[in-house]
Participant: 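One structure, as C-alpha cells, below. Some questions next.
Within every chain, numbering begins at 1; the chains are lettered A, B, ... in the order of the sequence lines, protein sequences first and strands thereafter.
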Amino acid sequence: MTRMYPMLSLAVAAIVLLAFVSPAIAQPDETKPTEKDKEKRVALELKLPKPAFKGTPTQVPPGTNLEKPRKGPRPPLMVPPGTRNVARDKPVTSSDSEPIIGELKCVTDGDKEARSGSYVELGFGRQWVQIDLKGKYAIHGLLVWHYHASARVYHDVIVQVSDDADFIENVRTVYNNDHDNSAGLGVGDAKEYWETFEGRLISVDSVKARYVRLYSNGSTADDMNHYTEVEVFAKPVK
Amino acid sequence: MNRTSIAVVVFALSVVAALALRLPALDFRPVHSDEAVHTYKCNELWTQGTYRYDPSEYHGPTLYYFTVPILAACGAENWRDTSFVVYRLVPALFGVGLILLSLLLRDGLGSWPVVVAALLTAVSPAMVFYSRHYVQEMQLVFFTLLLIAAGWRYVHSAALGWAVLAGFALGMMHASKETAALAGVALLGAVVLTILLERPRVSPAQVRRSLRPRPLLVALGVAVVVSAVHFSHFFTNPRAIVDSLLTYFTYADRAVAGDHLNPWYFYFRVLFWTHYPPAPVFSELLIGVLTVIGFIAALVGRGLGDANRGLVRVIAFYTVLLTVIYSVIPYKTPWSALGFFHGMILLAGIGATVLVRVVYYRPLQVAAVVVLLAFTVQLSQQARRASFQMVTDVRNPHIYGHPVAGVNRMIGYLEQLAAAAPSDAELVVKVIVDNPWPLPWYLRHLEHVGYWSEIPDDPDANIIIASATLADALEPRFHDEYDWSYCGFRRDETLIVYVRQDLRAAFVAANSTPTSAPAADR
C-alpha cells in the first residue's frame, strides 16, 4: 500500500495540474503573442512609393493632437520571420458601396503611387473599408496610405480587427487617433499625422483575426475619404 | 397598356422618385449659414407670434409662415426642440408640389411634355439639391409656375377664379423673395413678345378679351393684399408694405457691388459643366440640349403636336429673358438659377417630345426614348451624388459657402463635453468668430453661450471656439490650461476648439477606449 502513495500522489498532482493547464490548452488566448512569436524578430522590408511632395503645410494649426514631424528615418518594424503582406488582392468592402472615384480593389491592388487611378474616394463623413484576409492570421503590422499626393491630415483614423465580417464578435481596436470621439468608437490615444509617401506604419502585437476594418472621417483637405493602399503584415495561424 | 396609361405611370413614378430623392436624411448635410439664420427668424414668428420685415436682409416671410404649421404639428415647443428635418421639409414639399402643379399645364403643353418635365424636375441634381435647402427659392419657383398655369387657364377659360389664383400666386411670389420682380418682368416681356409673334393669327378682339381690365384688376388686387398681409404680418406693421417696395433700391445696389459677384456664364457652368478631374462630371446638359430643341420648336411653331403654341412661346420667351436677366446681373448665387432653370425643364419636356415625334422611323423613336431614359438615370445618379455623397465638396457645383463636415464633428464633440460636464449651469461656451452662423443653430441646446467678433477682456471659459487667425492673440490671455484641436468651418476658414483641462479629463474618462495592443506609431 505504501508503495502506492508515490503513484497516487503523482496521479493527483497530474490531475490538479491538468485542471489548471487544460483550459489554456483547450482555449488558447489568440489575442496574445505566444513565446514562439517573441523569439525571433527581423526588420520588415517595406516597398514605398515615390514621394509626391515635400514638407508640411502651415495653414492648418497643429493642435494638441497632431504628431510632430519625425526627425530622421522611421524605425523599422520588427516582425517574426516569414511575415508578409497578406492583404494583396484580397476582397475589399466598404460603408460606401458607390465610390466617387476609383474602385475598392485599389485598396489592395499593390499600386500605392500618388497618381490618378491609384486610389478610391469614398463619400462624406465617417466611412470604412474592410479587407477580408480569407483566413485567420497573426497580424504584426499595417501600412496605410490614404492619399499622399498633397499634404493633409485624416481625421478619426481607426483600425479594428475581428473574426466576423460584421464586426460584432471579438472586435479589437489596434489603432485609434480619434481625439474627440467624433467617430463614436471611443477616444483613442494615438495622434493625428500628416500623410506622406511613407504611409502610416502601425505596429500590431500579433493579434489574430481574419477581417481588418479601417475608419476615417474626412481630412484637412476635404470631407471625403481616400484609400490608396493598405498592407497587412501577418503570418497564417496554424 | 396604351399611351395614356404609360404617361400616368411615368408621372406617378416621377412623383415617387421626387419623394425618394427629397425626403431621406434631410439633416445629413451640414446647415448653411443662410439656412440657420432663417430658422432663427422663423423661431421669432413661431414662439413670439411676431414678424418684422427687414428690407435689407432675409427676404420675404412666406418661408416662415409655411414652416410654423409643420413645427406645431411636430410638437416641438421651442427652437431647441426642433430638428433641421422639419425646416428642410418645407422646400422638399414645394419641390414635389412643383411636379404635381405641372398637371395644370397638361391641356396647354400636352401630356408627354408635362410628363417628361415632371421626370426631369424629379431627378435634376439642382432641383433635388435646392429642394433640400431651407431658403425661399423653391417656393418662388412653385408660385411662379402657379402664376403661369393659372394665367394660362384664365386666358383659356376666361373664368375669374383662375385670375384670382394667378393674383394669389403673384402676391406669394413677391412675399417670398424680392427677385420675384425679375420673373414678373420676364413673364410680362414673354407675353408681349408672344402677342407680337402671334398677331397675324390672333385678332385684337381676342387679345382684348384676354386682357379685360376687371379680371386683371381683381388679380392685381389679390396680389397686393396677399403680399401686404404677409409683409405687414396681418397689418400689424404697415410700414413693411412700403419697405417691401423700397427694398429694391437696396437690392439694386447689391446686384452690382459687394459679395457674390460672378461672371455672366456662372449659371451655365453650375448647371451644365462642372468637372474637376478625376472626379465625375456634374452636368445637366441633357436638359440644356432639349431646351434648345424646345425653343426652336416654339419659334418655328412646328412639331408641337397638341400643345398650345402661344403657351409654349410664352414659356420659351420667359425662360430666355429670365436667363439673360440673371446672367447680366453680376450678383449670382447658384440657387438663383432655379427660376429660369425650371423654365428650361418645361421647354426640355417639349423638346424631348418634339425630338421623338420628328423621328418617323419607329426603331429610331425607340432608340431616342432609350437614350433619353439613360441620360435621365444618369441625372438621378448625379442628384444622389450631389445631395448624399459630396454634400460639402467644392467639386459639387451647388456647394457655395457651405460649412464643412468639421462642424458636424465639432458639434458632436461639444455635445459629449456637455454630457461630461458636472452640470449645464456650469458649462460656459465662448465663441469668438467674426461670422459665427450657423453655430448658433448647432449650439442652441447649451444654456450659456456667448458670441464675440473680437477677443473679449476675459476669454477664459470651459470651452472656447475661436477663429484660427486669432490664436496668437488669444492664447497669451488665457489664465487656464486648455486642450485644443482644430476643425474646418467653411472652406479656407478654420476654428480652434479650446477645452479646459478639467473638462477634457472628464470627457476622456467617459469616452476612452483601450487599444487591444499598444500601437507603436512609426
Side-chain angles (χ1 to χ4, degrees), chain A residues 31 33 59-67 70 74-77 96 98 100-102 116-117 121-125 141 155-156 159 161 171-177 179-193 198 200-207 217-218 220 222-224, chain B residues 28-30 277-280 381 384-385 388-396 403-417 468-469 471-472 482-488 491-492 494-499 504 507-522:
Chain A
T31 62
Q59 72 268 29
V60 178
T64 316
N65 191 40
L66 188 63
E67 190 175 81
R70 192 189 66 242
R74 177 164 60 190
L77 178 63
D96 186 352
E98 293 180 41
I100 296 162
I101 297 173
S116 179
E121 179 178 306
L122 309 176
F124 167 90
H155 303 301
D156 305 348
V159 183
V161 298
V171 178
R172 286 144 288 160
T173 301
V174 298
Y175 186 84
N176 183 350
N177 73 7
H179 182 67
D180 51 17
N181 196 27
S182 47
L185 298 172
V187 175
D189 51 7
K191 289 192 178 297
E192 293 190 326
Y193 59 89
E198 289 187 306
R200 186 62 171 180
L201 185 57
I202 298 169
S203 171
V204 182
D205 208 358
S206 193
V207 175
N217 197 352
T220 51
D222 56 44
D223 294 333
M224 302 295 127
Chain B
F28 179 61
R29 177 166 49 79
Q381 286 174 332
R384 286 177 56 211
R385 193 174 294 133
F388 297 96
Q389 261 192 324
M390 300 171 72
V391 292
T392 60
D393 198 298
V394 290
R395 295 168 299 175
N396 176 348
V404 298
V407 171
N408 281 1
R409 291 176 49 241
M410 180 181 73
I411 298 306
Y413 184 30
L414 294 184
E415 285 173 357
Q416 293 178 77
L417 287 167
T469 52
D472 290 342
Y482 292 91
D483 172 277
W484 54 289
S485 56
Y486 58 86
C487 78
R491 186 165 168 77
D492 299 327
T494 305
L495 300 180
I496 303 182
V497 181
Y498 297 92
V499 180
R504 171 70 190 178
F507 163 78
V508 171
N511 294 287
S512 64
T513 179
T515 50
S516 64
D521 302 347
R522 300 281 159 170

Participant: Hey, is the main chain of B:Gln389 close enough, under 3.5 Å, to the side chain of A:Glu98 for a donor-acceptor pair?
Facilitator: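 Not a single qualifying donor-acceptor pair exists.
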
Participant: What are the two closest heavy atoms between A:Ile101 and B:Pro280, and how far apart are they?
Facilitator: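 Closest heavy-atom pair between A:Ile101 and B:Pro280: CG1-CD, 4.4 Å.
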
Participant: Check for a donor-acceptor pair, side chain of A:Asp180 on one end and backbone N or O of B:Tyr413 on the other, with a separation under 3.5 Å.
Facilitator: no

Participant: With a 4.5 angstrom heavy-atom cut-off, which part of B:Asn408 approaches chain A: side chain, backbone, both or neither?
Facilitator: side chain

Participant: Can you measure from CG (A:Asn181) to OG (B:Ser512) and round to the nearest 0.5 angstrom?
Facilitator: 9.5 Å

Participant: On a heavy-atom basis, which atom in B:Tyr486 and which in A:His155 lie closest, and how many Å separate them?
Facilitator: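 It is CE1-CE1, 3.8 Å.
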
Participant: So which of B:Leu414, B:Asn511, B:Val394 has the largest heavy-atom pair count under 4.5 angstrom toward chain A?
Facilitator: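 Option with the greatest count: B:Asn511.
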
Participant: Counting only non-hydrogen atoms closer than 4.5 Å, does B:Arg29 touch chain A with its backbone (N, CA, C, O), its side chain (CB onward), both, or neither?
Facilitator: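 Neither part.
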
Participant: By a 4.5 Å heavy-atom criterion (distance strictly below it), what part of B:Phe28 contacts chain A: side chain, backbone, both, or neither?
Facilitator: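 Its backbone and side chain both get close to chain A.
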
Participant: Which of these passes side-chain contact (heavy atoms from CB on, under 4.5 Å) with B:Met390: A:Asp222, A:Ile100, A:Asp223?
Facilitator: A:Ile100

Participant: What distance separates A:Met224 CE from B:Arg395 CZ, expressed to the nearest 0.5 Å?
Facilitator: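 CZ of B:Arg395 is found 6.5 Å from CE of A:Met224.
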
Participant: Roughly how far apart are A:Asn217 CG and B:Arg409 CZ, rounded to 0.5 Å?
Facilitator: 5.5 Å

Participant: Pick whichever of B:Val497, B:Thr392, B:Asp492, B:Val499 has the most heavy-atom pairs under 4.5 Å with chain A.
Facilitator: B:Thr392

Participant: At a heavy-atom separation under 4.5 Å, does A:Leu185 approach chain B through its side chain, its backbone, both, or neither?
Facilitator: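 Just the backbone, heavy atoms under 4.5 Å.
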
Participant: Are the side chains of B:Asp393 and A:Phe124 in touch, meaning some heavy atoms are under 4.5 Å apart?
Facilitator: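 They are not in side-chain contact.
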
Participant: Is any side-chain heavy atom of A:Val187 less than 4.5 Å from a side-chain heavy atom of B:Arg504?
Facilitator: yes

